[in-house]
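The shown structure was predicted, so the numbers you read here are calculated from the model rather than taken from an experiment. By convention in this document, chain letters (A, B, ...) are assigned in the order of the sequence lines, proteins followed by strands, and residues within each chain are numbered from 1.
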There are 2 protein chains.
Amino acid sequence: MVTDMQSRTSATRTGRPRSAAADAAILEATRAALVELGWSKMTLGDVATRAGVAKTTLYRRWAGKNELVVDAVAVLFDELELPDRGSLAADIEGVVLQFAAILDRPEAKTALMAVVAESTRDEPLRERIRTSIVDRQKRLVLEGRARATARGELPPETDAAAAARTADLIFDVVAGAVVHRTLVSAEPADEEWVHSFTRVLLLGLAGASAQP
Amino acid sequence: MVTDMQSRTSATRTGRPRSAAADAAILEATRAALVELGWSKMTLGDVATRAGVAKTTLYRRWAGKNELVVDAVAVLFDELELPDRGSLAADIEGVVLQFAAILDRPEAKTALMAVVAESTRDEPLRERIRTSIVDRQKRLVLEGRARATARGELPPETDAAAAARTADLIFDVVAGAVVHRTLVSAEPADEEWVHSFTRVLLLGLAGASAQP
DNA sequence: CAGTTACGCTACGACTCGTAGCGAAAGCGT
DNA sequence: ACGCTTTCGCTACGAGTCGTAGCGTAACTG
């Protein structure tokens with residue numbers, strides 16, 4: 001979570017250890033500040049005060065606002081799981097509804113778009129977002145396909161490269177559509193919408209695999 | 001573009017008129033500053049200096065950074081047109097490639113995500129984005145469907161409400177997928193990707209209309 | 001020429017940022 | 001118990017940005 005070379009390389013650190021409670025308090029205070037103030041009006045000084053922590057302590061652990069907010073929001077995606085609803089279509093609908101529920105939170109709305117905007121000019125930040133947020137979502141695509149293949153709903157993959165491209169395409173379509181619906185169109189990704197979207201996606205994928 | 005009640009209600013304004021050249025210079029300076037500095041490091045004072053304009057002049061015309069950047073980036077979407085490539089699939093591919101080309105610009109990357117992030121806590125800003133940017137894209141979806149219907153590629157719409165929902169779905173899927181591919185996955189939406197995406201989308205829509 | 005509005009310029013208080021310095025606290029090894 | 005090391009809370013600071021006020025001048029209208 002926090003990038004510190006020494007604490008991982010040497011098993012036993014000398015000196016006073018960093019307070020784990022402070023980490024938790026800071027991240028929770030960050031989410032609270034995001035809810036109340038949004039990204040632009042949230043200040044690190046305010047977060048430190050809310051967490052009952054000195055501002056210098058915060059700067060010792062995170063390089064800046066971007067990194068802190070990524071860590072604070074990343075935990076929201078821990079609850080993402082692939083439910084076994086019996087069919088590929090039902091599984092996808094379940095995951096998409098979970099994803100939509102997370103994006104419905106005010107702290108996720110304002111934080112995700114902002115850090116993505118910053119990441120366009122900050123390659124390390126983009127990597128941090130990828131490993132702590134995006135890859136967790138992408139993993140569900142691969143798991144879902146594996147489960148559907150085991151069920152016999154999908155044929156086993158023969159071309160690994162083509163399979164990877166298809167997984168990337170699915171991921172961008174699913175995540176992009178939900179994000180755009182929620183944040184740009186500002187309309188809820190409710191069950192009816194998710195059902196329509198899933199049907200179009202699956203029919204499209206079925207047709208694409210039928211006529212290569 | 002600029003919200004001024006008086007200049008439109010009363011046809012002839014008394015006093016010194018606002019310099020149209022200043023407007024153009026400010027918007028161009030804004031785009032230049034976005035390219036060089038990105039959203040977060042761009043300051044209105046710097047924009048005013050680049051434009052050869054006093055900072056106070058800038059504040060007389062725009063309420064803040066958000067509104068200014070929306071206006072500055074909106075013109076990038078003026079070049080979006082619906083090319084007549086002969087088939088619905090080819091038309092969609094053409095539009096998506098245009099959209100991808102705009103999103104490939106650095107000023108569009110950093111600005112669009114940032115203002116969308118701000119709009120989650122600013123309803124007037126979201127409305128401004130919608131009317132000056134989003135609706136211009138959405139219109140292409142409606143035009144494309146009308147043209148395809150005229151060609152006979154699509155059946156005439158019977159249920160207006162269902163047709164509107166479908167158009168919204170298509171729009172969120174197309175725009176969301178391209179944005180996610182470009183900004184989150186950070187990989188180019190090149191011809192190959194657009195071709196794969198368009199095929200999945202059209203097959204899905206065809207299948208969905210076949211089995212209502 | 002009088003009236004009105006926009007402009008450039010300067011200056012200002014308020015705020016945020018990120019860092020430095022200090023003494024005290026909390027661990028570890030001997 | 002005693003150093004050694006690192007973290008902690010606190011205060012203070014220069015630098016930078018924000019958005020506005022005031023002023024004299026420029027541009028356009030009747």
Side-chain angles (χ1 to χ4, degrees), chain A residues 1-27 29-30 33-34 36-69 114-115 118 122 125, chain B residues 1-27 29-30 33-34 36-69 114-115 118 122 125:
Chain A
M1 182 175 294
V2 180
T3 59
D4 43 346
M5 298 169 288
Q6 303 181 0
S7 69
R8 300 195 187 284
T9 54
S10 65
T12 59
R13 298 261 295 123
T14 166
R16 177 176 177 174
R18 285 190 173 173
S19 164
D23 262 353
I26 290 172
L27 292 177
T30 302
L34 282 172
E36 291 185 22
L37 306 172
W39 164 269
S40 59
K41 294 183 180 175
M42 172 194 123
T43 69
L44 295 193
D46 180 49
V47 170
T49 304
R50 289 170 186 260
V53 160
K55 193 171 60 166
T56 48
T57 297
L58 205 156
Y59 276 101
R60 284 191 197 100
R61 307 186 182 200
W62 285 277
K65 196 177 185 177
N66 297 331
E67 292 77 7
L68 172 62
V69 169
V115 295
E118 292 300 307
D122 187 342
L125 179 61
Chain B
M1 181 176 297
V2 180
T3 59
D4 43 347
M5 299 169 287
Q6 304 181 0
S7 67
R8 302 194 185 281
T9 53
S10 64
T12 60
R13 298 262 294 123
T14 166
R16 178 176 177 173
R18 286 190 172 173
S19 165
D23 263 353
I26 291 172
L27 293 177
T30 302
L34 282 172
E36 292 184 21
L37 306 173
W39 163 269
S40 58
K41 294 184 180 176
M42 174 194 121
T43 69
L44 295 193
D46 179 49
V47 170
T49 304
R50 288 170 187 261
V53 160
K55 194 172 60 167
T56 48
T57 299
L58 206 155
Y59 276 101
R60 285 193 194 98
R61 307 188 182 201
W62 284 276
K65 196 177 186 177
N66 297 331
E67 292 78 6
L68 171 62
V69 169
V115 295
E118 292 301 306
D122 187 343
L125 179 62

Tell me, for nucleotides 12-19 of chain D in 5' to 3' order, what letter each nucleotide earns: B for a base near a protein heavy atom under 4.0 Å, S for only sugar-phosphate near one, - for neither?
-----SSB

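Listed by first residue number, the stems of DNA chain C with at least three Watson-Crick or G-U pairs below 3.5 Å are C:1-30 with D:1-30.
What you find for B:L125 and B:E118 is that their closest heavy atoms are CD2-CB, 3.7 Å. In terms of heavy atoms, A:T57 sits closest to A:V53 at CB-CG1, 3.5 Å. Residues A:L44 and A:G64 share a closest heavy-atom pair of CD1-C, 4.3 Å. In terms of heavy-atom proximity, B:M42 sits nearest to B:V69 at CE-CG2, 3.8 Å. Residues B:V47 and B:A33 approach most closely at CG2-CB, 4.1 Å, considering heavy atoms. The heavy-atom pair separating B:S40 from B:K65 by the smallest distance is O-NZ, 3.7 Å.
Rounded to an integer number of Å, the gap from CH2 of A:W39 to P of C:dT16 is 16 Å. At whole-Å resolution of the value, CG in A:D23 and P in D:dT7 are 12 Å apart. Look at CG on A:L58: it is 13 Å from C1' on D:dG9, rounded to the nearest Å. One can place CZ of B:R60 at 13 Å from P of D:dG22, the figure rounded to the nearest angstrom.
Donor-acceptor pairing under 3.5 Å, judged by distance alone, is present between the side chain of A:R16 and the base of D:dT7. For B:R18 and C:dA6, a side-chain-to-base donor-acceptor distance below 3.5 Å is absent, hydrogens and geometry of angles not being considered.
For the OP1/OP2 pair of D:dT6 and a distance below 4.0 Å, the side-chain nitrogens and oxygens of A:T14 include no atom meeting the criterion.
Qualifying side-chain hydrogen bond (donor to acceptor under 3.5 Å, both in side chains) partners for B:N66, counting only residues two or more places apart in sequence or in other chains: none.
Between A:R18 and A:R60 there is a side-chain heavy-atom pair separated by less than 4.5 Å.
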